[in-house]
2 protein chains.
Amino acid sequence: MDLDHPTHLAPRKQPRQARATTTVDIIFEATLQVLMAEGLQRLTTTRVAQRAGVSVGTLYQYFPHKQALLYALNARYLDIVAERVETVCESHHGAPLARMVEALVTAYWTAKTERSDVTRALYRASVELDNESLIEAFGRRVDAASAAMLATTPDADFADLRVVNAMFLTAIFGTVRTVFERNMPTSVGSDLHRELIAMCLSYLDAARARANPSDA
Amino acid sequence: MDLDHPTHLAPRKQPRQARATTTVDIIFEATLQVLMAEGLQRLTTTRVAQRAGVSVGTLYQYFPHKQALLYALNARYLDIVAERVETVCESHHGAPLARMVEALVTAYWTAKTERSDVTRALYRASVELDNESLIEAFGRRVDAASAAMLATTPDADFADLRVVNAMFLTAIFGTVRTVFERNMPTSVGSDLHRELIAMCLSYLDAARARANPSDA
DNA sequence: ACCTGAACACCGTTCAAGT
DNA sequence: ACCTGAACACCGTTCAAGT
(Lines give C-alpha, C1' and ligand atoms only; values in the text may rest on other atoms or scores of the structure.)
Protein backbone atom coordinates (compact mmCIF):
# COMPACT_ATOMS: atom_id res chain seq x y z
CA MET A 1 0.00 0.00 0.00
CA ASP A 2 1.78 3.07 -1.29
CA LEU A 3 1.34 6.59 -0.05
CA ASP A 4 -0.99 8.44 -2.43
CA HIS A 5 -0.35 11.73 -4.18
CA PRO A 6 -3.05 14.42 -4.11
CA THR A 7 -3.77 15.46 -7.69
CA HIS A 8 -2.06 18.84 -7.60
CA LEU A 9 1.14 17.27 -6.33
CA ALA A 10 1.11 14.13 -8.41
CA PRO A 11 4.01 13.42 -10.74
CA ARG A 12 3.14 14.52 -14.28
CA LYS A 13 3.47 11.18 -15.98
CA GLN A 14 4.86 7.76 -15.33
CA PRO A 15 7.97 6.90 -17.27
CA ARG A 16 7.19 4.24 -19.89
CA GLN A 17 10.59 3.37 -21.22
CA ALA A 18 13.60 2.14 -19.32
CA ARG A 19 15.68 5.25 -20.02
CA ALA A 20 12.88 7.44 -18.61
CA THR A 21 12.79 5.44 -15.36
CA THR A 22 16.50 6.00 -15.09
CA THR A 23 15.99 9.70 -15.72
CA VAL A 24 13.52 9.98 -12.85
CA ASP A 25 15.86 8.16 -10.50
CA ILE A 26 18.71 10.40 -11.56
CA ILE A 27 16.58 13.46 -10.88
CA PHE A 28 15.67 12.20 -7.40
CA GLU A 29 19.29 11.51 -6.61
CA ALA A 30 20.37 14.92 -7.92
CA THR A 31 17.71 16.62 -5.79
CA LEU A 32 19.03 14.97 -2.65
CA GLN A 33 22.59 15.86 -3.58
CA VAL A 34 21.79 19.52 -4.17
CA LEU A 35 19.71 19.65 -1.00
CA MET A 36 22.50 18.20 1.11
CA ALA A 37 25.36 20.05 -0.56
CA GLU A 38 23.81 23.47 -1.07
CA GLY A 39 20.74 23.65 1.13
CA LEU A 40 17.12 24.48 0.53
CA GLN A 41 17.81 28.08 -0.50
CA ARG A 42 19.95 27.04 -3.43
CA LEU A 43 17.78 24.13 -4.48
CA THR A 44 16.59 25.41 -7.86
CA THR A 45 15.12 23.37 -10.65
CA THR A 46 17.92 24.55 -12.94
CA ARG A 47 20.56 23.35 -10.50
CA VAL A 48 18.86 19.99 -10.01
CA ALA A 49 18.60 19.51 -13.78
CA GLN A 50 22.21 20.51 -14.24
CA ARG A 51 23.42 18.14 -11.51
CA ALA A 52 21.29 15.37 -13.01
CA GLY A 53 22.76 16.09 -16.43
CA VAL A 54 19.39 16.73 -18.09
CA SER A 55 17.63 19.89 -19.23
CA VAL A 56 15.03 21.70 -17.13
CA GLY A 57 12.45 20.71 -19.69
CA THR A 58 13.03 17.06 -18.91
CA LEU A 59 12.55 17.66 -15.21
CA TYR A 60 9.23 19.38 -15.91
CA GLN A 61 8.10 16.47 -18.04
CA TYR A 62 7.95 14.30 -14.94
CA PHE A 63 7.14 16.83 -12.25
CA PRO A 64 4.62 19.60 -12.89
CA HIS A 65 6.47 21.90 -10.49
CA LYS A 66 9.20 22.03 -7.89
CA GLN A 67 6.81 21.19 -5.06
CA ALA A 68 5.79 17.98 -6.77
CA LEU A 69 9.42 16.94 -7.00
CA LEU A 70 10.02 17.51 -3.31
CA TYR A 71 6.73 15.88 -2.51
CA ALA A 72 7.57 12.74 -4.46
CA LEU A 73 10.97 12.59 -2.81
CA ASN A 74 9.38 12.72 0.62
CA ALA A 75 6.72 10.21 -0.32
CA ARG A 76 9.37 7.72 -1.36
CA TYR A 77 11.20 8.13 1.89
CA LEU A 78 8.18 8.01 4.19
CA ASP A 79 6.97 4.90 2.39
CA ILE A 80 10.16 3.10 3.31
CA VAL A 81 9.98 4.19 6.94
CA ALA A 82 6.30 3.24 7.24
CA GLU A 83 6.99 -0.18 5.77
CA ARG A 84 9.72 -0.84 8.26
CA VAL A 85 7.55 0.13 11.21
CA GLU A 86 4.72 -2.05 9.93
CA THR A 87 7.04 -5.01 9.62
CA VAL A 88 8.42 -4.60 13.13
CA CYS A 89 4.95 -4.20 14.60
CA GLU A 90 3.66 -7.32 12.92
CA SER A 91 6.62 -9.36 14.07
CA HIS A 92 5.97 -8.32 17.67
CA HIS A 93 2.31 -9.21 17.98
CA GLY A 94 1.86 -10.98 21.29
CA ALA A 95 5.23 -9.88 22.68
CA PRO A 96 5.68 -8.41 26.15
CA LEU A 97 5.16 -4.67 26.37
CA ALA A 98 8.82 -3.93 27.05
CA ARG A 99 9.90 -5.66 23.85
CA MET A 100 7.24 -3.93 21.79
CA VAL A 101 8.29 -0.51 22.99
CA GLU A 102 11.93 -1.16 22.43
CA ALA A 103 11.35 -2.64 18.99
CA LEU A 104 9.13 0.18 17.74
CA VAL A 105 11.22 3.01 19.12
CA THR A 106 14.37 1.46 17.76
CA ALA A 107 12.92 0.71 14.34
CA TYR A 108 11.78 4.29 13.89
CA TRP A 109 14.92 5.72 15.40
CA THR A 110 17.18 3.62 13.21
CA ALA A 111 15.22 4.32 10.05
CA LYS A 112 15.73 8.03 10.69
CA THR A 113 19.30 8.00 11.88
CA GLU A 114 21.08 5.48 9.71
CA ARG A 115 21.16 8.05 6.90
CA SER A 116 20.85 11.12 9.00
CA ASP A 117 22.14 13.45 6.29
CA VAL A 118 19.22 12.45 4.09
CA THR A 119 16.74 12.67 6.94
CA ARG A 120 17.85 16.14 7.87
CA ALA A 121 17.72 17.30 4.26
CA LEU A 122 14.20 15.97 3.89
CA TYR A 123 13.04 17.51 7.15
CA ARG A 124 14.21 20.80 5.77
CA ALA A 125 12.58 20.34 2.43
CA SER A 126 9.32 19.13 3.89
CA VAL A 127 8.10 22.56 4.89
CA GLU A 128 8.63 23.99 1.44
CA LEU A 129 5.71 21.84 0.37
CA ASP A 130 2.21 21.10 1.56
CA ASN A 131 3.02 17.81 3.11
CA GLU A 132 0.07 17.51 5.44
CA SER A 133 -1.61 14.79 3.45
CA LEU A 134 1.66 12.90 3.15
CA ILE A 135 2.36 13.01 6.87
CA GLU A 136 -1.24 12.18 7.63
CA ALA A 137 -1.15 9.05 5.49
CA PHE A 138 2.15 8.06 7.03
CA GLY A 139 0.74 8.67 10.51
CA ARG A 140 -2.31 6.57 9.83
CA ARG A 141 -0.24 3.59 8.71
CA VAL A 142 2.06 3.69 11.69
CA ASP A 143 -0.83 4.37 14.03
CA ALA A 144 -2.71 1.33 12.79
CA ALA A 145 0.33 -0.93 12.94
CA SER A 146 1.21 0.15 16.46
CA ALA A 147 -2.34 -0.05 17.83
CA ALA A 148 -2.75 -3.54 16.39
CA MET A 149 0.48 -4.57 18.06
CA LEU A 150 -0.29 -3.01 21.44
CA ALA A 151 -3.69 -4.69 21.50
CA THR A 152 -2.02 -8.10 21.49
CA THR A 153 0.38 -7.68 24.39
CA PRO A 154 -0.22 -10.31 27.10
CA ASP A 155 0.57 -8.03 30.00
CA ALA A 156 -1.64 -5.04 29.46
CA ASP A 157 -5.18 -3.99 28.74
CA PHE A 158 -5.47 -0.27 28.19
CA ALA A 159 -8.55 1.73 29.09
CA ASP A 160 -8.28 3.91 26.00
CA LEU A 161 -5.90 2.32 23.54
CA ARG A 162 -6.49 5.00 20.90
CA VAL A 163 -5.34 7.87 23.08
CA VAL A 164 -2.50 5.95 24.71
CA ASN A 165 -1.22 4.83 21.33
CA ALA A 166 -1.42 8.38 19.97
CA MET A 167 0.62 9.73 22.86
CA PHE A 168 3.14 6.92 22.51
CA LEU A 169 3.72 7.65 18.84
CA THR A 170 3.62 11.41 19.18
CA ALA A 171 6.39 11.25 21.75
CA ILE A 172 8.50 9.09 19.45
CA PHE A 173 7.97 11.20 16.33
CA GLY A 174 8.43 14.44 18.19
CA THR A 175 11.57 13.37 19.97
CA VAL A 176 13.23 12.14 16.82
CA ARG A 177 12.27 15.27 14.96
CA THR A 178 13.62 17.47 17.73
CA VAL A 179 16.90 15.57 17.84
CA PHE A 180 17.32 16.32 14.15
CA GLU A 181 16.19 19.86 14.28
CA ARG A 182 18.48 20.70 17.14
CA ASN A 183 21.32 18.96 15.37
CA MET A 184 22.22 16.98 18.47
CA PRO A 185 25.47 14.99 18.53
CA THR A 186 25.04 11.22 18.30
CA SER A 187 26.15 10.75 21.90
CA VAL A 188 23.24 12.85 23.15
CA GLY A 189 21.11 11.12 20.55
CA SER A 190 21.81 7.68 21.93
CA ASP A 191 21.17 8.89 25.49
CA LEU A 192 17.80 10.14 24.33
CA HIS A 193 17.08 6.98 22.39
CA ARG A 194 17.55 4.99 25.60
CA GLU A 195 15.61 7.46 27.73
CA LEU A 196 12.82 7.60 25.15
CA ILE A 197 12.33 3.86 25.55
CA ALA A 198 12.28 4.29 29.33
CA MET A 199 9.81 7.14 29.07
CA CYS A 200 7.41 5.28 26.79
CA LEU A 201 7.62 2.20 28.93
CA SER A 202 6.94 3.95 32.23
CA TYR A 203 4.06 5.76 30.57
CA LEU A 204 2.50 2.58 29.19
CA ASP A 205 3.02 0.89 32.55
CA ALA A 206 1.25 3.73 34.29
CA ALA A 207 -1.57 3.69 31.72
CA ARG A 208 -2.00 -0.03 32.29
CA ALA A 209 -2.13 0.54 36.06
CA ARG A 210 -4.83 3.17 35.54
CA ALA A 211 -6.88 0.66 33.56
CA ASN A 212 -6.35 -2.31 35.88
CA PRO A 213 -5.89 -1.06 39.45
CA SER A 214 -5.98 -4.69 40.64
CA ASP A 215 -2.68 -5.67 38.95
CA ALA A 216 0.60 -6.40 40.70
CA MET B 1 18.29 38.42 28.31
CA ASP B 2 17.26 38.63 24.66
CA LEU B 3 17.94 36.04 22.01
CA ASP B 4 20.93 37.15 19.93
CA HIS B 5 21.13 37.52 16.17
CA PRO B 6 24.10 36.04 14.32
CA THR B 7 25.66 38.78 12.21
CA HIS B 8 24.46 37.59 8.82
CA LEU B 9 20.88 37.50 10.06
CA ALA B 10 20.91 40.63 12.18
CA PRO B 11 18.48 43.42 11.36
CA ARG B 12 20.21 46.09 9.28
CA LYS B 13 19.79 49.02 11.63
CA GLN B 14 17.85 49.95 14.69
CA PRO B 15 15.09 52.47 14.12
CA ARG B 16 16.05 55.79 15.76
CA GLN B 17 12.89 57.80 15.36
CA ALA B 18 9.41 56.96 16.55
CA ARG B 19 7.97 56.64 13.06
CA ALA B 20 10.69 54.11 12.14
CA THR B 21 9.84 51.94 15.16
CA THR B 22 6.26 51.99 14.00
CA THR B 23 7.39 51.03 10.50
CA VAL B 24 9.24 47.96 11.79
CA ASP B 25 6.24 46.88 13.83
CA ILE B 26 4.00 47.34 10.83
CA ILE B 27 6.34 45.23 8.72
CA PHE B 28 6.34 42.44 11.30
CA GLU B 29 2.58 42.49 11.49
CA ALA B 30 2.27 42.47 7.71
CA THR B 31 4.63 39.52 7.47
CA LEU B 32 2.49 37.48 9.85
CA GLN B 33 -0.65 38.48 7.98
CA VAL B 34 0.75 37.45 4.60
CA LEU B 35 2.14 34.24 6.05
CA MET B 36 -1.20 33.27 7.57
CA ALA B 37 -3.39 34.46 4.71
CA GLU B 38 -1.31 33.38 1.73
CA GLY B 39 1.23 30.87 2.99
CA LEU B 40 4.98 30.58 2.74
CA GLN B 41 4.99 30.21 -1.05
CA ARG B 42 3.38 33.57 -1.60
CA LEU B 43 5.31 35.36 1.10
CA THR B 44 7.32 37.78 -1.04
CA THR B 45 9.04 40.93 0.09
CA THR B 46 6.97 42.91 -2.38
CA ARG B 47 3.74 41.54 -0.95
CA VAL B 48 4.83 42.19 2.63
CA ALA B 49 5.80 45.75 1.77
CA GLN B 50 2.52 46.29 -0.05
CA ARG B 51 0.47 44.93 2.84
CA ALA B 52 2.47 47.08 5.24
CA GLY B 53 1.85 50.10 3.05
CA VAL B 54 5.54 50.89 2.56
CA SER B 55 7.90 50.45 -0.37
CA VAL B 56 10.23 47.47 -0.72
CA GLY B 57 13.13 49.82 -0.22
CA THR B 58 11.91 50.63 3.26
CA LEU B 59 11.72 46.97 4.16
CA TYR B 60 15.29 46.48 3.01
CA GLN B 61 16.43 49.40 5.11
CA TYR B 62 15.67 47.42 8.23
CA PHE B 63 16.24 43.86 7.08
CA PRO B 64 19.18 43.00 4.84
CA HIS B 65 17.21 40.16 3.23
CA LYS B 66 14.04 38.13 3.52
CA GLN B 67 15.68 35.56 5.80
CA ALA B 68 16.58 38.25 8.30
CA LEU B 69 12.97 39.36 8.42
CA LEU B 70 11.71 35.85 9.12
CA TYR B 71 14.51 35.32 11.57
CA ALA B 72 13.66 38.45 13.53
CA LEU B 73 10.01 37.47 13.58
CA ASN B 74 10.87 34.09 15.01
CA ALA B 75 13.31 35.58 17.51
CA ARG B 76 10.62 37.87 18.87
CA TYR B 77 8.23 34.99 19.28
CA LEU B 78 10.67 32.54 20.85
CA ASP B 79 11.79 35.22 23.26
CA ILE B 80 8.27 35.56 24.59
CA VAL B 81 7.85 31.80 24.95
CA ALA B 82 11.22 31.40 26.68
CA GLU B 83 10.40 34.19 29.10
CA ARG B 84 7.15 32.55 30.06
CA VAL B 85 8.79 29.19 30.69
CA GLU B 86 11.49 30.83 32.78
CA THR B 87 8.91 32.60 34.89
CA VAL B 88 6.92 29.45 35.52
CA CYS B 89 10.05 27.48 36.40
CA GLU B 90 11.22 30.08 38.88
CA SER B 91 7.84 30.24 40.56
CA HIS B 92 7.88 26.46 41.05
CA HIS B 93 11.25 26.04 42.71
CA GLY B 94 10.79 23.67 45.63
CA ALA B 95 7.38 22.45 44.46
CA PRO B 96 6.43 18.76 44.32
CA LEU B 97 7.39 17.01 41.10
CA ALA B 98 3.83 16.59 39.93
CA ARG B 99 3.17 20.31 40.12
CA MET B 100 6.41 21.14 38.32
CA VAL B 101 5.61 18.84 35.45
CA GLU B 102 2.10 20.09 35.10
CA ALA B 103 3.16 23.72 35.27
CA LEU B 104 5.94 23.44 32.72
CA VAL B 105 4.02 21.35 30.23
CA THR B 106 1.02 23.62 30.50
CA ALA B 107 3.04 26.83 30.23
CA TYR B 108 4.70 25.66 27.04
CA TRP B 109 1.55 24.16 25.66
CA THR B 110 -0.48 27.29 26.31
CA ALA B 111 2.16 29.60 24.91
CA LYS B 112 2.04 27.63 21.68
CA THR B 113 -1.68 27.05 21.40
CA GLU B 114 -3.30 30.27 22.55
CA ARG B 115 -2.47 31.83 19.18
CA SER B 116 -2.16 28.67 17.21
CA ASP B 117 -2.55 30.38 13.84
CA VAL B 118 0.61 32.38 14.55
CA THR B 119 2.46 29.36 15.88
CA ARG B 120 1.64 27.30 12.84
CA ALA B 121 2.66 30.09 10.51
CA LEU B 122 5.98 30.46 12.29
CA TYR B 123 6.65 26.74 12.32
CA ARG B 124 6.24 26.86 8.58
CA ALA B 125 8.44 29.85 8.11
CA SER B 126 11.13 28.56 10.41
CA VAL B 127 12.56 26.13 7.93
CA GLU B 128 12.97 28.77 5.24
CA LEU B 129 15.72 30.19 7.40
CA ASP B 130 18.78 28.96 9.24
CA ASN B 131 17.22 28.96 12.63
CA GLU B 132 19.54 26.56 14.33
CA SER B 133 21.22 29.21 16.42
CA LEU B 134 17.86 30.65 17.35
CA ILE B 135 16.45 27.35 18.46
CA GLU B 136 19.66 26.50 20.24
CA ALA B 137 19.59 29.69 22.27
CA PHE B 138 15.94 29.12 23.06
CA GLY B 139 16.68 25.54 24.05
CA ARG B 140 19.50 26.59 26.35
CA ARG B 141 17.31 29.05 28.21
CA VAL B 142 14.49 26.61 28.74
CA ASP B 143 16.93 23.83 29.58
CA ALA B 144 18.59 25.91 32.28
CA ALA B 145 15.30 27.06 33.76
CA SER B 146 13.89 23.55 33.86
CA ALA B 147 17.03 21.91 35.28
CA ALA B 148 17.24 24.54 38.01
CA MET B 149 13.63 23.88 38.90
CA LEU B 150 13.91 20.09 38.88
CA ALA B 151 16.97 20.25 41.11
CA THR B 152 14.89 21.83 43.87
CA THR B 153 12.02 19.36 44.07
CA PRO B 154 11.70 17.86 47.57
CA ASP B 155 10.63 14.43 46.40
CA ALA B 156 13.30 13.42 43.92
CA ASP B 157 17.04 13.21 43.45
CA PHE B 158 17.93 12.16 39.93
CA ALA B 159 21.00 10.15 39.07
CA ASP B 160 21.65 12.12 35.88
CA LEU B 161 19.63 15.29 35.95
CA ARG B 162 21.10 16.56 32.67
CA VAL B 163 19.93 13.60 30.63
CA VAL B 164 16.59 13.26 32.38
CA ASN B 165 15.90 16.95 31.90
CA ALA B 166 16.83 16.75 28.22
CA MET B 167 14.45 13.86 27.64
CA PHE B 168 11.70 15.62 29.56
CA LEU B 169 11.98 18.77 27.43
CA THR B 170 12.50 16.95 24.17
CA ALA B 171 9.27 15.04 24.70
CA ILE B 172 7.41 18.27 25.39
CA PHE B 173 8.84 20.20 22.44
CA GLY B 174 8.45 17.29 20.09
CA THR B 175 4.90 16.52 21.08
CA VAL B 176 3.75 20.09 20.71
CA ARG B 177 5.49 20.41 17.36
CA THR B 178 3.90 17.20 16.12
CA VAL B 179 0.45 18.30 17.22
CA PHE B 180 0.89 21.41 15.11
CA GLU B 181 2.43 19.75 12.16
CA ARG B 182 -0.27 17.13 12.00
CA ASN B 183 -2.91 19.81 12.35
CA MET B 184 -4.65 17.88 15.09
CA PRO B 185 -8.09 19.04 16.26
CA THR B 186 -8.13 20.68 19.69
CA SER B 187 -10.01 17.75 21.22
CA VAL B 188 -7.13 15.40 20.37
CA GLY B 189 -4.78 18.15 21.40
CA SER B 190 -6.20 18.37 24.89
CA ASP B 191 -6.13 14.57 25.21
CA LEU B 192 -2.46 14.66 24.33
CA HIS B 193 -1.80 17.59 26.64
CA ARG B 194 -3.16 15.52 29.54
CA GLU B 195 -1.37 12.35 28.45
CA LEU B 196 1.87 14.26 27.97
CA ILE B 197 1.76 15.32 31.60
CA ALA B 198 1.11 11.71 32.60
CA MET B 199 3.94 10.48 30.41
CA CYS B 200 6.49 12.97 31.77
CA LEU B 201 5.43 12.28 35.31
CA SER B 202 5.64 8.50 35.06
CA TYR B 203 9.02 8.90 33.38
CA LEU B 204 10.38 11.19 36.08
CA ASP B 205 8.97 8.88 38.75
CA ALA B 206 10.73 5.94 37.17
CA ALA B 207 13.97 7.90 36.83
CA ARG B 208 13.77 8.81 40.50
CA ALA B 209 13.21 5.15 41.40
CA ARG B 210 16.29 4.20 39.36
CA ALA B 211 18.35 6.72 41.34
CA ASN B 212 16.95 5.86 44.79
CA PRO B 213 15.93 2.19 44.84
CA SER B 214 15.30 2.53 48.60
CA ASP B 215 12.33 4.91 48.21
CA ALA B 216 8.71 4.09 48.91
C1' DA C 1 16.84 60.05 9.20
C1' DC C 2 13.72 57.95 6.58
C1' DC C 3 11.26 56.73 2.35
C1' DT C 4 10.48 55.69 -2.83
C1' DG C 5 10.27 52.68 -6.98
C1' DA C 6 12.55 51.71 -11.40
C1' DA C 7 16.26 48.58 -12.57
C1' DC C 8 18.98 44.08 -12.57
C1' DA C 9 20.10 39.31 -11.81
C1' DC C 10 18.05 35.07 -11.16
C1' DC C 11 14.33 31.47 -10.58
C1' DG C 12 10.07 28.69 -11.89
C1' DT C 13 7.74 27.21 -15.77
C1' DT C 14 6.47 26.75 -20.81
C1' DC C 15 6.56 25.32 -25.51
C1' DA C 16 8.17 24.98 -30.25
C1' DA C 17 11.54 22.33 -32.20
C1' DG C 18 14.37 18.26 -32.20
C1' DT C 19 15.72 12.73 -31.83
C1' DA D 1 8.29 8.60 -26.27
C1' DC D 2 11.55 11.40 -24.71
C1' DC D 3 14.65 15.37 -24.65
C1' DT D 4 16.31 20.41 -25.41
C1' DG D 5 16.96 25.33 -24.15
C1' DA D 6 15.50 30.05 -25.34
C1' DA D 7 11.72 32.87 -23.68
C1' DC D 8 8.46 35.00 -20.16
C1' DA D 9 6.58 36.37 -15.78
C1' DC D 10 7.88 37.15 -11.28
C1' DC D 11 10.89 37.54 -7.08
C1' DG D 12 14.92 39.26 -4.17
C1' DT D 13 17.75 43.05 -3.75
C1' DT D 14 19.96 47.63 -4.89
C1' DC D 15 20.61 52.48 -5.33
C1' DA D 16 20.00 57.16 -7.09
C1' DA D 17 16.77 60.45 -6.07
C1' DG D 18 13.47 62.47 -2.95
C1' DT D 19 11.36 64.52 1.90
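Note on naming: letters A, B, ... go to the chains in the order of the sequence lines (proteins, then strands), and numbering restarts at 1 for each one.
When rounded to the nearest whole Å, the span between CD of A:Gln61 and C1' of C:dG12 equals 17 Å. Whole-Å rounding puts the B:Lys66 NZ to C:dC10 P distance at 18 Å. Counting to the nearest Å, the P atom of D:dT13 and the CG atom of B:Leu69 are 10 Å from each other. The distance from atom CZ of B:Phe63 to atom C1' of D:dT14 is 17 Å, rounded to the nearest whole Å.
Contact record, A:Ala125 with A:Leu40: CA-CD1, 4.0 Å, taken as the closest heavy-atom pair.
Residues forming a ring pair (Phe, Tyr, Trp, His ring centres under 6.0 Å) with A:Tyr203 (at least two apart in sequence, or on another chain): none.
Between the B:His92 side chain and the B:Val88 main chain, a donor and an acceptor come within less than 3.5 Å of each other.
Of the candidates A:Ile197, A:Asp191, A:Leu196, A:Asp191 is the only one forming a side-chain contact (heavy atoms from CB on, under 4.5 Å) with A:Arg194.
Non-hydrogen atoms lying under 4.0 Å from DNA chain C are contributed by A:Leu43, A:Thr44, A:Thr45, all within residues 37-45 of chain A. Using a 4.0 Å cutoff on non-hydrogen atoms, the parts of residues 46-60 of chain A near DNA chain D are A:Val54, A:Ser55, A:Gly57, A:Thr58, ordered by number.
With a cut-off of 3.5 Å on both Watson-Crick or G-U wobble distances, the partner of C:dT4 is given as D:dA16.
We find that B:Asp79 and B:Arg84 are not joined by a salt bridge, their nearest charged nitrogen and carboxylate oxygen being 4.0 Å or further apart.
Residues B:Leu97 and B:Leu150 meet the side-chain proximity criterion, which asks for heavy atoms closer than 4.5 Å.
A:Tyr108 and A:Thr175 share no side-chain donor-acceptor pair at under 3.5 Å.
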